[in-house]
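Report on the structure given below.
Numbering of ligands and ligand atoms starts at 1, following listing order.
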Amino acid sequence: MSIKKTGGLAGIVAGETAISAAGGAHNLEYRGYSIYDLAEHCIFEEVAYLLLYGALPAQDQLDTFMERLHAQRDLPKALKGVLEQIPADTHPMDVMRTGVSLLGNLEHESESHDQYAISERLLATLPAILAYWWNYAQNAKRIECTSDAQTIAGHFLTLLHQKPDVRLHVRAMHVSLILYAEHEFNASTFTARIIASTLSDFYSAVGGAIGALRGPLHGGANEAAMEIISRAKNPDDAAQMIRQMLENKDLIMGFGHRVYSEADPRNRVIKDWSKRLCTENGQPMLYEISETIEKLMWEEKNLFPNLDFYSASVYHMMDIPTPLFTPIFVMSRVSGWAAHIFEQRSNNKLIRPNADYTGANGLKFINIEDR
Ligand SMILES: CC(C)(COP(=O)(O)OP(=O)(O)OC[C@H]1O[C@@H](n2cnc3c(N)ncnc32)[C@H](O)[C@@H]1OP(=O)(O)O)[C@@H](O)C(=O)NCCC(=O)NCCS
C-alpha cells in the first residue's frame, strides 16, 4: 500500500464533523451559521449553546442556560486551596490545565454528572479558575468567585479587574469569545477527539486539549504576537524590526494559517475591534503598528494575519495582562472541544493512524555487558 507523505497531516481529511466548516466556499460557519452573523448579533452564551446542543437557543432556553451557568460559578474550596499553592511565575495555561484536572478529581464524570453537565460547569468556572489564581498570585488577594455580571464575558472582566467592566469591553469580549469558540479539526480539538476516542473521561480530553493549545503555533500565538507588537515604538520601527526578523527566518506569530491561503475570515471582525478600541483608548499607535506589520507581511511573504494577531491589541486595550491571552481562548474553545467530544463519542472509532517507519531493521542483539 502506498502512503501519501504529508508533513503535519496537512491537507489530510481525518474524519467527518457537523460542527463547523472552515475554509472552502463556506469560509467559516458554526453548525451552518456564518461567524459574521454570530459575531454581530449574538452573545457568547448563544454560540456556546449552539455548539453544545446543536441549535440556536430560543429566549427561554437561553435564559435557563445562563441561569444554570450563573449558579455554578463558584469554585470548590479544595480547588481554591490548590490554586493558592501554584507559584506566581507559573504560565497561566498550566493553571487552567491544573484547574480542569483537579475539578475532574472533585467532580468526576458519572451518570449524574454527565458530559453536558461537565461542559456547563467548565464554562461557568474557567473564568474564576484563572482570575482567582491571578489575583492571589499577584496581590495575595482571595477574590469572590461569583459576580453580578450576567454573562461569561462580563464575569471574567469583573473578576479580573475587580470592578464592573466597561460595556464596550464586554461586547468586544463576547465577539472575541465567539470567534475563538470553534474551528474544525485544529490541533487542540483533534487532541480532544483522540483522547475521547480511547473512551477516556471528559476532563482528560479537555486537559489534553489545553496542553495542545498552549503552544505558540496554536493558541499561544496571541501572546507571542503581543510581544512582537509591543517591541515596536512606531510603524517605521515595526517595519524595520519585521524585515530583520524575516531576514533571520524568524516566524512572525499571528500570521499564516494551515487551512486558509488568502485570509483568515475572522481577521476582519477582530481587526475592526482593534481599531475601535485603540482609537477610543487614545492609543492609535498600537493599531498603526499592527497594520504596518500586516501590510509588510503581505508584501514580503504573502502572509495574512490570523485571528491571534489583532486579538492581541484588542485584549491589551482591555487592560488584560499578556500571559492571560491564551487562557481566554480556553474559556471560549471549551465549547467547541465539548461539542467535538460529544460528536466523537456518539459514533466512536479509536483514532490510531499508521506511521511510515524510517528506522533501522534486523539489528543483531547485543547483551548489555557487551554494549
Ligand atoms: C499557522 C502555521 C503553523 C501554519 O503552518 P503550515 O501550514 O505548516 O505552514 P508552514 O510552516 O509550512 O509555512 C509555509 C512557509 O511559510 C512560512 N511561514 C508560515 N508562517 C509564517 C510566519 N508566521 N512567519 C514567517 N514565515 C511563515 C514558513 O516558514 C514556510 O516557509 P518555507 O517554505 O520557506 O519554509 C504557520 O503559519 C505559523 O507558524 N504561523 C505562526 C504561528 C501562528 O500564528 N499560529 C496561530 C495559527 S491560528
Side-chain angles (χ1 to χ4, degrees), residues 4-14 20-24 27-28 30 35 39 91 93 175-192 209-232 238-271 274 289-316 322 325-330 332-333 336-337 340:
K4 194 177 163 200
K5 289 190 184 167
T6 51
L9 299 182
I12 297 286
V13 174
S20 70
N27 235 346
L28 180 55
Y30 300 167
I35 48 144
H91 193 283
M93 282 297 274
V175 171
S176 170
L177 295 175
I178 289 168
L179 295 177
Y180 269 129
E182 162 57 14
H183 212 213
E184 200 221 37
F185 278 15
N186 59 85
S188 57
T189 301
F190 199 55
T191 304
I210 293 173
L213 188 69
R214 187 187 193 289
L217 295 191
H218 191 8
N222 54 16
E223 291 175 38
M226 189 66 225
E227 200 272 315
I228 293 174
I229 300 164
S230 54
R231 259 192 281 146
Q240 204 181 353
M241 183 181 78
I242 296 297
R243 280 204 181 90
Q244 186 60 53
M245 288 178 79
L246 291 177
E247 215 174 291
N248 299 346
K249 304 248 175 276
D250 289 340
L251 279 179
I252 314 299
M253 296 305 178
F255 282 85
H257 203 277
R258 178 59 72 75
V259 172
Y260 306 114
S261 53
E262 295 276 307
D264 180 334
R266 302 165 295 182
N267 179 56
R268 76 173 204 226
V269 182
I270 205 69
K271 185 178 171 180
S274 169
I289 287 171
S290 306
E291 243 194 347
T292 301
I293 298 176
E294 177 181 3
K295 263 176 86 181
L296 193 76
M297 285 298 284
W298 185 253
E299 282 163 16
E300 299 283 325
K301 297 281 290 184
N302 260 7
L303 283 168
F304 51 86
N306 55 51
L307 173 58
D308 292 315
F309 187 65
Y310 283 99
S311 297
S313 43
V314 165
Y315 291 162
H316 189 71
T322 305
F325 289 6
T326 318
I328 297 172
F329 197 154
V330 176
S332 157
R333 185 58 63 86
W337 292 333
H340 279 272

Just by distance, no angles: are the side chains of [X] and [Y] close enough, under 3.5 Å, to form a donor-acceptor pair?
| X | Y | answer |
| --- | --- | --- |
| D264 | Y310 | no |
| T322 | Y315 | no |
| E184 | S20 | no |

In the complex you have, is [atom] within reach of the protein, judged by whether a heavy-atom distance drops under 4.0 Å?
| atom | result |
| --- | --- |
| atom 24 (N) of ligand 1 | yes |
| atom 34 (O) of ligand 1 | no |
| atom 2 (C) of ligand 1 | no |
| atom 13 (O) of ligand 1 | no |
| atom 8 (O) of ligand 1 | yes |

So, is [X] polar-close to ligand 1, with some N/O to N/O distance under 3.5 Å?
| X | answer |
| --- | --- |
| L246 | no |
| M297 | no |
| R258 | yes |
| A221 | no |
| D250 | no |

Electrostatic pair E299:K295 at N-O distance under 4.0 angstrom: no
Ligand 1 versus [X], non-hydrogen atoms closer than 4.0 Å: side chain, backbone, both, neither?
| X | result |
| --- | --- |
| K249 | neither |
| L251 | both |
| A225 | neither |
| D264 | neither |

Are [X] and [Y] packed together at the side-chain level, in the sense that at least one heavy-atom pair is separated by less than 4.5 angstrom?
| X | Y | result |
| --- | --- | --- |
| M253 | D308 | no |
| L303 | W298 | no |
| M245 | L251 | no |

Please write down residue, atom name and distance for the protein heavy atom closest to [atom].
| atom | answer |
| --- | --- |
| atom 31 (O) of ligand 1 | K301 NZ, 4.5 Å |
| atom 42 (C) of ligand 1 | M253 SD, 3.4 Å |
| atom 48 (S) of ligand 1 | H257 CD2, 3.5 Å |
| atom 18 (N) of ligand 1 | L303 CD1, 3.7 Å |
| atom 39 (O) of ligand 1 | L217 CD2, 3.3 Å |
| atom 36 (C) of ligand 1 | F255 O, 4.2 Å |

From I289 atom CD1 to I228 atom CD1, the distance as rounded to the nearest 0.5 Å: 12.5 Å
Residue list, side chain to side chain donor-acceptor pair (under 3.5 Å) with H218, at least two apart or on another chain: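 With neighbours one apart ignored, the set is N186, S188.
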Min heavy-atom dist A224 to ligand 1 below 4.0 Å: no
Proximity flag G254 to ligand 1, non-hydrogen atoms under 4.0 Å: yes
Option among I35, L307, V259 that satisfies the side chain to side chain contact (heavy atoms under 4.5 Å, CB included) test with L28: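 With L28 as partner, I35, L307, V259 yield a single side chain to side chain contact (heavy atoms under 4.5 Å, CB included), made by I35.
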Numbering as shown, the atoms of ligand 1 that approach D308 to under 4.0 Å (heavy-atom distance):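 It comes down to these atoms of ligand 1: 46 (C), 48 (S).
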Residue P216 vicinity, atoms of ligand 1 by number, heavy atom under 4.0 Å: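 So the answer, numbered in order with elements, is 42 (C), 43 (C), 45 (N).
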Pair F304 and F255, ring centroids less than 6.0 Å apart: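 Between F304 and F255, the centre distance exceeds or equals 6.0 Å.
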Flag if over 12 foreign heavy atoms under 6.0 Å of CD, E300: yes
Heavy-atom closest pair, residues R258 and G8: NH1-O, 3.0 Å
Ring pair (Phe, Tyr, Trp, His ring centres under 6.0 Å) involving H257 - partner list, sequence neighbours excluded: H183, Y260
